[in-house]
Amino acid sequence: SKMQNLENYIAESVGIFSSLNLTFLSEILLLSEIIPDKDIPSARIEKDSGRFRIRINPDFLSKYCDTPYKFSALLLHEIFHHLLGHLGQRFDMIKNIAADAIINSLLYQIDKRLGELFKELYQPDEFPELLLRPDSQPQDEETDQIYHYLWQPSIMDMEQGETCIS
């Protein structure tokens, strides 16, 4: 059944989180209620009465999350929205793309296998979605500068005071 499959995926994700030294995130995952929801396009995290809910579209899951790393990337992406304080905020499209690009890049820097989902979801040469995935080919200089700031150097290793556009 799909729910049994979901439980297996969650168990595999807990193992992946541990292998990536992200055990503390497993606690958020294990305290979360995972709810299949066909009314959303992919996934969403929300908090209600101190409890997390991660809603996942089962069709999205079966189409795009065919490996434990892709499923883990989906869950981690939602959990990072919480860690970065995005829950309860209203994001317009531009803020959402910026937040998603930063989260996806961070996940890719933690482990390249976490980037596979984003390569499958987004085109490498169409703006703005090329910002949301590794191995894109920006078509102009400004986009290339933003892209390289997000994806090439490790954001976590940047020198203090370094800026993205010189």
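When a residue number appears, it is its place in the shown sequence, counting from 1. Note: hydrogens, waters and symmetry copies are ignored here, and every other heavy atom, side chains too, is used.
Atom OG of S26 and atom CD1 of I10 lie 11.5 Å apart (nearest 0.5 Å). In this structure, CG in L150 is found 13.0 Å from OH in Y108, a value given to the nearest 0.5 Å. Rounding to the nearest 0.5 angstrom, the gap separating the NZ atom in K112 from the CD1 atom in I110 is 10.5 Å. Distance check, rounded to the nearest 0.5 Å: CG of L76 to CG of L107 gives 5.5 Å. Between atom CG of residue L22 and atom CZ of residue F80 there is a gap of 6.0 Å, rounded to the nearest 0.5 Å. The structure places CD of E12 at 6.5 Å from CD1 of I16, a figure rounded to the nearest 0.5 Å.
When all heavy atoms of P36 and P58 are compared, the pair lying nearest together is CB-CG, 4.1 Å. Across all non-hydrogen atoms, the minimal contact from D59 to N57 is N-OD1, 2.7 Å. For the residue pair E78 and A43, the shortest heavy atom distance occurs at OE2-O, 3.4 Å. Between P134 and Y147, the closest heavy-atom pair is C-OH, 3.2 Å. Taking all atoms of both residues into account, the shortest heavy-atom contact from I40 to I56 is CD1-N, 4.1 Å. Shortest non-hydrogen contact noted between F52 and L87 is CE2-CD2, 4.0 Å.
Contact annotation: the side chain of I28 approaches that of L83 to within less than 4.5 Å [non-hydrogen atoms, C-beta and beyond]. Residues I79 and F17 have side chains in contact (heavy-atom distance under 4.5 Å, counting atoms from C-beta outward). At a threshold of 4.5 Å between non-hydrogen side-chain atoms, the residues Y122 and N104 count as touching. Within the 4.5 Å cutoff, side-chain heavy atoms of L20 are placed close to those of L114. With a 4.5 Å cut-off on side-chain heavy atoms, P124 and L130 do not count as touching. Within the 4.5 Å cutoff, side-chain heavy atoms of L75 are placed close to those of L29.
Using a distance-only test at 3.5 Å, with no hydrogens or angles considered, no donor-acceptor pair links the side chain of T143 to the main chain of Q139. In this structure, H86 contributes its side chain and H82 its backbone to no donor-acceptor pair below 3.5 Å.
Residue I34 is not grouped with residue L31 when hydrophobic side chains (ILVMFWY) are merged at heavy-atom distances under 4.5 angstrom, including chains of intermediate members. If you chain together hydrophobic residues whose side chains sit under 4.5 Å apart, M93 and F118 fall into the same group. In terms of hydrophobic clustering, with Ile, Leu, Val, Met, Phe, Trp and Tyr side chains grouped at heavy-atom distances under 4.5 Å, L30 and I54 are assigned to a common cluster.
Residues in residues 117-126 take part in these salt bridge (Lys or Arg N to Asp or Glu O under 4.0 Å) pairs, two or more places apart or across chains: K70-E120, E116-K119, K119-D135.
With 3.5 Å as the limit, one finds a donor-acceptor pair spanning the side chains of Q109 and S105.
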| field | Intermediate values then yes/no, side-chain contact (heavy atoms from CB on, under 4.5 Å), D48 and E33 | value | CA-CA 10 Å; D48 182 44; E33 187 180 357; over 6 Å; no

| request: Kindly determine whether L74 and C65 satisfy side-chain contact (heavy atoms from CB on, under 4.5 Å), including the steps that lead there. | output: CA-CA 8 Å; L74 181 69; C65 298; 3.9 Å; yes

| request: Run the numbers on L121 and L117 for side-chain contact (heavy atoms from CB on, under 4.5 Å), then give the verdict. | output: CA-CA 6 Å; L121 288 176; L117 174 64; 3.9 Å; yes

| task | Could you go through the side-chain contact (heavy atoms from CB on, under 4.5 Å) check for R53 and I45 one step at a time? | result | CA-CA 6 Å; R53 285 198 192 107; I45 189 169; over 6 Å; no

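Within a 6.0 Å radius of NZ in K63, other residues, nucleotides and ligands contribute 12 heavy atoms or fewer.
Checked against a 6.0 Å centroid threshold, the rings of H77 and H81 count as neighbours.
In summary, E46 and R55 engage in a salt bridge, as defined by a charged side-chain N under 4.0 Å from a carboxylate O.
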